[in-house]
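Here is how names work: the chains are called A, B, and so on, in the same order as the sequence lines, proteins then strands, and each is numbered from 1. Basis for what follows: all heavy atoms, side chains included, without hydrogens, waters or symmetry-related copies.
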Protein chains: 2
Amino acid sequence: MANVLIVGAGGVGQVVAHKCAQVEEVFENITLASRTKSKCDKIADMLPRKINTAEVDADNVSEMVALIEKVKPDMVINVALPYQDLHIMDACLETGVHYLDTANYEPPEEAKFEYSWQWAYQDKFEKAGLMALLGSGFDPGVTSVFTAYAKKHHFDRIKTLDILDCNAGDHGLPFATNFNPEINIREITANGRYWEEGKWVTTKPMEEKRVFEFPEGIGEKDLYLLYHEELESLSKHFPEIERARFWMTFGASYLKHLEVLQNVGMTSIEPIEFQGQEIVPIQFLKALLPDPASLGPLTKGKTCIGNIIKGVKGGEEKIYYVYNICDHQEAYKEVQSQAISYTTGVPAMIGAKMMMEGKWMKPGVWNMEQLDPDPFMDDLNKYGLPWQETWLDKPFV
Amino acid sequence: MANVLIVGAGGVGQVVAHKCAQVEEVFENITLASRTKSKCDKIADMLPRKINTAEVDADNVSEMVALIEKVKPDMVINVALPYQDLHIMDACLETGVHYLDTANYEPPEEAKFEYSWQWAYQDKFEKAGLMALLGSGFDPGVTSVFTAYAKKHHFDRIKTLDILDCNAGDHGLPFATNFNPEINIREITANGRYWEEGKWVTTKPMEEKRVFEFPEGIGEKDLYLLYHEELESLSKHFPEIERARFWMTFGASYLKHLEVLQNVGMTSIEPIEFQGQEIVPIQFLKALLPDPASLGPLTKGKTCIGNIIKGVKGGEEKIYYVYNICDHQEAYKEVQSQAISYTTGVPAMIGAKMMMEGKWMKPGVWNMEQLDPDPFMDDLNKYGLPWQETWLDKPFV
């Protein structure tokens with residue numbers, strides 16, 4: 001039975017703490033730590049059983065080391081900020097504990113999404129006999145496992161992969177962002193990128209748009225091509241893939257608000273002089289917008305995230321669609337957090353469970369699709385993210 | 001020959017100074033005063049002949065009195081802020097000089113557009129043998145003269161009046177307001193109001209929309225019903241009018257920007273706490289938006305402001321349309337200010353000219369439609385705002 005240290009007490013940390021607490025047969029001891037201990041205590045108070053809490057600055061390796069030495073966990077579940085991944089990995093190596101995260105490292109000074117920094121730890125973790133599991137959220141994470149599962153059971157060869165991330169939730173407010181609006185806006189205003197014929201193709205922000213009819217009454221939604229980090233590891237680990245793309249839904253009203261806010265300069269990160277102070281417009285905007293955390297109880301509707309995979313089995317071309325549907329209000333009822341955090345936090349718990357049960361335990365640094373998808377797929381059905389599969393008549397073009 | 005004191009050195013003040021300077025046979029001596037003398041000096045430097053400049057706080061009656069006593073003008077042309085009308089009228093009464101403005105008094109603490117405060121000065125001005133001419137801009141102003149002219153020459157009785165204010169100018173920027181964005185936004189987000197069957201009817205903001213094909217290639221534009229101050233005086237002075245309405249054009253993109261800015265709270269006048277200061281969102285927005293003055297050289301296209309009047313002549317019902325078309329770039333070439341300021345400033349000069357030439361000189365407080373429209377209509381053609389008239393087949397419904 002395992003002792004785990006969860007670092008990060010945001011929306012995802014709250015879900016991970018809830019889900020680990022539910023699985024007492026695996027996670028016997030749980031400690032939740034973050035920069036602000038009171039946030040950990042608030043989460044601990046919601047849970048059905050007692051967990052420990054602690055304060056830690058995850059950027060400070062020696063503070064992390066001291067905490068790990070005190071808690072003596074079998075592994076660290078890192079759901080803090082992506083900027084902190086490497087510091088926490090260093091602390092794990094120094095103390096000899098396993099590691100898991102849900103999003104790849106980003107250098108704080110530039111928005112650069114790539115695995116290079118973390119893959120460079122492969123030798124160190126292997127030699128130490130420790131495992132680091134990267135990107136165990138939904139996307140990346142479940143979308144990577146979906147791909148591995150499709151390959152294992154349904155295809156001799158995958159030809160194209162399209163990951164479709166649909167949030168059909170409605171908070172009833174004219175405009176609000178689901179998480180930090182600064183990151184949200186940066187994601188949308190960045191160039192898109194996809195993998196084709198062995199190289200990256202760059203698109204302009206929101207240049208590629210498709211319409212897809214999502215299942216279970218969600219209906220037709222507009223999807224836009226974005227870059228997303230699992231494309232890097234999937235195109236590496238499935239070199240046969242001819243084209244891999246990532247799509248996210250955005251409603252017309254959401255895009256209209258973003259366009260206007262950009263037009264008037266409200267999304268700018270360049271400070272302007274105002275009332276004798278330097279004020280960064282996007283930070284002022286953030287202060288005006290609803291706190292993302294306040295949206296939880298308001299949000300209705302569902303998310304639908306999944307993969308459309310075209311491939312060949314026994315010489316025949318087939319199109320496979322595997323997806324999960326998650327209901328915002330049901331998630332909120334269970335863990336007081338809506339589906340965006342729920343769909344990331346549950347796979348983090350399952351990834352940790354795979355490691356602690358020994359099903360996925362293997363020294364080195366690994367992406368999700370490099371491990372056996374079957375036990376993970378079983379646990380998705382068991383722990384709140386049931387998936388469905390179907391065959392499509394026509395490809396996603 | 002007259003000596004005039006112009007108060008206010010904004011866009012309109014600049015046009016009035018230009019136009020008075022052009023009419024040397026009437027305006028022999030001109031003084032331009034405002035809170036910031038350097039703004040007056042900058043305007044003076046553009047003019048073809050020498051004018052005087054001065055600094056004055058128009059809110060301070062004794063400062064105004066001292067300036068009037070020094071300049072000894074025959075009249076004050078008030079193109080400062082509407083908040084200052086009463087203070088300047090008081091100073092005129094105290095010093096025995098005539099008065100003219102372009103927009104009715106507004107109490108600074110509430111957006112209340114009505115003539116009551118200024119009409120209450122009727123006796124004082126009459127007894128002093130002084131004239132106060134109210135609202136000598138385009139709308140109010142020319143639209144009031146248009147109505148009086150229609151009644152005098154074309155109708156026994158006016159049945160309905162629709163004032164159509166179209167700005168088909170394009171500054172090429174995604175979003176900017178033509179004048180103080182705070183006032184602009186307040187105008188659009190307020191309830192509409194029109195006169196019908198002897199009483200006021202209130203509409204929701206932007207509730208009433210019409211489409212009209214404007215002449216001279218301007219083409220179809222969307223018009224929205226707003227309240228505008230001339231409706232009050234016109235419905236009083238033409239009690240026969242069954243219905244009087246005011247319409248302004250707004251483009252879809254402009255309205256989209258305003259809607260979004262309202263949704264996110266950027267148009268609010270309620271301060272929020274930010275970086276240890278109280279910050280009023282709409283003032284921060286104003287700091288982000290282009291300075292309205294910078295739009296002058298950028299703006300292309302035309303304005304078209306006029307009246308559609310349905311009435312009866314010799315028992316027959318007819319529909320009359322009288323309007324002016326003003327070109328932004330031509331206005332800018334002539335007075336370094338685009339058509340919005342030009343169409344307000346030229347009628348202010350003509351109103352002053354009517355008074356100084358004795359054509360309109362009459363002790364008391366008067367709205368434009370109470371005076372003989374003919375000499376004013378002649379001068380519109382002569383001084384840059386030529387008008388055209390036509391008969392329409394169908395009413396504006």
Side-chain angles (χ1 to χ4, degrees), chain A residues 170-186 188-189 204-206 222 250-292 294-295 298-299, chain B residues 170-186 188-189 204-206 222 250-292 294-295 298-299:
Chain A
D170 181 9
H171 44 58
L173 305 173
F175 185 70
T177 56
N178 277 313
F179 48 102
N180 188 329
E182 194 170 342
I183 294 175
N184 214 195
I185 286 166
R186 204 171 63 184
I188 295 176
T189 55
K204 287 198 282 272
M206 316 306 274
D222 294 337
F250 295 105
S253 169
Y254 184 85
L255 294 177
K256 175 176 86 174
H257 281 74
L258 270 193
E259 180 204 343
V260 166
L261 294 170
Q262 268 194 285
N263 281 345
V264 302
M266 276 308 295
T267 61
S268 169
I269 56 169
E270 287 299 314
I272 68 160
E273 183 79 23
F274 186 76
Q275 291 183 8
Q277 278 193 32
E278 299 265 285
I279 290 187
V280 175
I282 198 170
Q283 286 170 5
F284 185 74
L285 174 62
K286 197 155 98 182
L288 281 180
L289 293 180
D291 177 0
S294 72
L295 302 178
L298 301 175
T299 306
Chain B
D170 181 9
H171 44 58
L173 305 173
F175 185 70
T177 57
N178 277 312
F179 48 102
N180 188 329
E182 192 169 343
I183 294 174
N184 214 194
I185 286 166
R186 204 170 61 183
I188 295 176
T189 55
K204 286 196 281 270
M206 317 305 275
D222 294 336
F250 295 105
S253 168
Y254 184 84
L255 294 177
K256 176 177 84 175
H257 281 74
L258 270 194
E259 180 204 342
V260 166
L261 295 170
Q262 268 194 286
N263 281 346
V264 302
M266 275 309 293
T267 62
S268 169
I269 55 169
E270 287 299 316
I272 68 160
E273 183 80 21
F274 186 77
Q275 291 184 9
Q277 277 193 34
E278 299 265 284
I279 291 187
V280 176
I282 198 169
Q283 286 171 6
F284 185 75
L285 174 62
K286 197 155 99 183
L288 281 180
L289 292 179
D291 177 2
S294 72
L295 302 177
L298 301 176
T299 306

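For L288(A), the parts sitting under 4.5 Å from any heavy atom of chain B are the backbone and the side chain alike. Using a 4.5 Å cut-off between heavy atoms, E273(A) makes no contact with chain B at all. Neither the backbone nor the side chain of P290(B) comes within contact range of chain A; no heavy atoms are under 4.5 Å apart. Using a 4.5 Å cut-off between heavy atoms, Q262(A) makes no contact with chain B at all.
Using modelled atom types, no side-chain atom of Q275(A) and backbone atom of Q277(B) make a donor-acceptor pair closer than 3.5 Å.
Taking all atoms of both residues into account, the shortest heavy-atom contact from F284(B) to F284(A) is CD2-CD2, 3.5 Å.
From H257(A), atom NE2 reaches atom NZ of K256(B) across 10.5 Å, with rounding to the nearest 0.5 Å. Between the CG atom in L285(B) and the CG atom in L285(A) there is a gap of 11.5 Å [rounded to 0.5 Å].
I279(A) places a side-chain heavy atom less than 4.5 Å from the side chain of I279(B).
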